[in-house]
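Comments concern the structure below.
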Amino acid sequence: MTERRPLWIDGQPVSGAGERADINPSDTADTIAVHAEAGRAEAEAAIAAAKAAAPAWALSGPQTRHDILKTAGDEILARRDEIGRLLAREEGKTLKEGIGETVRAGQVFLFFAGETLRQTGDVLPSVRPGIEVQVTREPVGAVGVITPWNFPMAIPAWKIAPALAHGNTVVFKPAELVPGCAWAMTEILHRAGLPPGVLNLVTGPGRVVGQAMLDAPALDAITFTGSTATGRLIAEACVRHHRKFQLEMGGKNPLVVLDDADLDLAVAAALDGAFFSTGQRCTASSRLIVTEGIHNRFVERLAEAMRALTVDDALKPGTEIGPVVDETQLAQNLRYLDIARAEGGNLRAGGERLSRATEGFYLSPALITDTTPAMTINREEVFGPIASVLRVPDYEAALNAANDTEFGLSAGICTSSLKHASHFRRHVEAGMVMVNLPTAGVDYHVPFGGRKRSSFGPREQGAYAREFFTTVKTAYTRPG
Ligand code: NAD
């Protein structure tokens, strides 16, 4: 029998205005569970609950928050195989990737459990004699968390854990395609001891639940990860409400390969960065910018490695690339391939819809060569297992091509030249730079974020997360 999963509002499981089946993209005949979907009324109830719970949670103290976050992190780590399997079944990344992401989510909760005990402030003399100045941080209040489908454990973890650690309450709206992981995380946090109203889960459509969050004056801040188009709507609404917001959005990340690169390393970095997790990563290496002297060898070796990849059911042992997340995303990938060919690119490998034992959204990883910077494939985010190759004469041209984009999330370079690596690190317009590494794959204890149209607001993750989830207070006291 198919399980039915409710919303969580004010510490209670609540049925929604509608329901949605959670479908396995590797096997569309497999319904994982049926999830309640909130309507506007449920979203408003969740916002009211978060607002009402905020004052008490703000005063709950670091030990309480530490213990809850640690308990939740420990449980996520202990259940890594089971939750990783749910993740792979629901989102379509491979079982190994699903378990890896679940471990990351557990680590994030443990990191922020520690952050509750690492609060800092300043006490200093005023410029006016006899007066003392204190600079402290306070929670922002009730925070809206709106997340995408591609990292259904890690992204909610790196928003919800710091929000709670720094004393905020949360209204959590996950992407429609991944309610199962969201429900699992919410349930774990409640059993770990979160008081009612501190975390409220409202699964449901962006244009209903998300819109209700944007319209609500009661939310003090919104942290969002998703597409640049939705990010713009969030920004406009937050400006109207004078509300704090943070946006992590799209990417068109370059991986530069210079003549002096280690060819094996460059091919491995491109293969991982462009195609693992089915290329559905905001940090995916979607533009491979390659200098003349290594271009042909690099393309040949990469195409060969791509053809050797096993594309199949995410849960099947040996699968290296799972399905695309749904039919819409698959159609979008195929459309971008058509446009790339129509504009003069050559499909060097992959790009075909594949049949497997079960009905799913399988696409062979695609490489488009002979592209120019002006082509659509080099300007718009595809968000699938598709990479383009740009051939350039030298390092200077490679750097210019890397920066010739409205995005600025991650950028990589493969080279054995310290001079070029150092110059690239300094001059590439991106929030994260990788030298001899894939553009995707980051740590959780250091800042994450980009520039230009990829990001807006303070960085996420690590100690830097406190910038968004706290507000600074400066107090002046004349003792006695
Ligand atoms: P999306 O923008 O369609 O949806 C993201 C979230 O916003 C979902 O929860 C959705 O329901 C909600 N939403 C949609 N319309 C809304 C509205 N009108 N009001 C409020 N909320 C609304 O993005 P997606 O397809 O889920 O995710 C893919 C995108 O996410 C890609 O562009 C990818 O680059 C980006 N992404 C960025 C990062 C990063 O850190 N920079 C990380 C992962 C994904």
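For the single chain, residues carry numbers from 1 onward in sequence order. First listed ligand is number 1; within each ligand, the first listed atom is number 1.
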Which residue and heavy atom of the protein sit nearest atom 33 (C) of ligand 1, plus the separation = F383 CE1, 3.2 Å
inquiry  = For atom 22 (C) of ligand 1, which of the options V325, L247, T230 provides the nearest non-hydrogen atom?
reply    = T230
ask   = Are any of the side-chain heavy atoms of W149 and Q329 separated by less than 4.5 Å?
value = yes
note = For atom 8 (C) of ligand 1, the closest protein heavy atom turns out to be T147 O, 3.3 Å
query = Considering only heavy atoms, does P174 approach ligand 1 within less than 4.0 Å through its side chain, its backbone, both, or neither?
reply = backbone
remark   = Quick look: L177 vs ligand 1, heavy-atom contacts under 4.0 Å, and the answer is neither
message = Within the supplied structure, the quantity of interest is the number of heavy atoms (other residues, nucleotides, ligands) at a distance under 6.0 Å from E406 CD; does it exceed 12?
response = yes
Close N or O approach (S454, ligand 1; < 3.5 Å) = no
message = For E467, run the salt bridge (charged side-chain N to carboxylate O under 4.0 Å, His left out) check against R137, R459, K244 and tell me which one passes.
response = R137
task = Please report which non-hydrogen protein atom sits nearest to atom 35 (C) of ligand 1, along with the residue it belongs to and the distance in Å to one decimal place.
result = G226 O, 3.1 Å
message = Please list the nearest protein heavy atom to atom 36 (N) of ligand 1 with its residue and the distance rounded to 0.1 Å.
response = C282 CB, 3.6 Å
message = Can you tell me if V209 contacts ligand 1 (heavy atom of the residue under 4.0 Å from the ligand)?
response = no
task = Please identify each residue that fulfils side chain to side chain contact (heavy atoms under 4.5 Å, CB included) with T405, with sequence neighbours left out.
result = K252, R287, F407, K452
task = Ignoring angles and geometry beyond distance, decide whether T228 reaches within less than 3.5 Å of ligand 1 through its nitrogen or oxygen atoms.
result = no
task = Look at atom CZ of R243 and say whether more than 12 heavy atoms of other residues, nucleotides or ligands are closer to it than 6.0 Å.
result = yes
ask   = Can you tell me if W149 has a non-hydrogen atom under 4.0 Å from ligand 1?
value = yes
request  = Kindly determine whether E352 and S364 satisfy side-chain hydrogen bond (donor to acceptor under 3.5 Å, both in side chains), including the steps that lead there.
outcome  = CA-CA 5 Å; E352 282 167 19; S364 54; 5.1 Å; no
Protein heavy atom at shortest distance from atom 18 (N) of ligand 1 = L233 CD1, 3.6 Å
note = Rounded to the nearest 0.5 Å, the CZ atom of R348 sits from the OG1 atom of T369 at a distance of 6.5 Å
message = Just to confirm my output: which protein heavy-atom neighbour is closest to atom 27 (O) of ligand 1, and how far is it?
response = P148 CB, 3.3 Å
inquiry  = Does atom CZ (F245) have a neighbourhood of more than 12 heavy atoms from anything else shown, all under 6.0 Å?
reply    = yes
note = Ranking G206, G251, S227 by closest non-hydrogen atom to atom 1 (P) of ligand 1, top hit is S227
task = List the steps and the verdict of ring pair (Phe, Tyr, Trp, His ring centres under 6.0 Å) for W183 and H35.
result = CA-CA 9 Å; W183 193 87; H35 285 260; 7.2 Å; no
inquiry  = So, taking the atom named CE in M153 and the one named CZ in R104, what distance separates them when rounded to the nearest 0.5 Å?
reply    = 13.0 Å
remark   = Closest to atom 37 (C) of ligand 1 among protein heavy atoms sits M249 O, 3.0 Å
inquiry  = For H427, I'd like to know if atom NE2 has over 12 heavy atoms of other residues, nucleotides or ligands within 6.0 Å.
reply    = yes
query = Of the choices L409, N150, I234, V178, which has the non-hydrogen atom that lies closest to atom 43 (C) of ligand 1?
reply = N150
inquiry  = Tell me the protein heavy atom at minimum distance from atom 34 (O) of ligand 1, and give that distance in Å.
reply    = E381 OE2, 2.6 Å
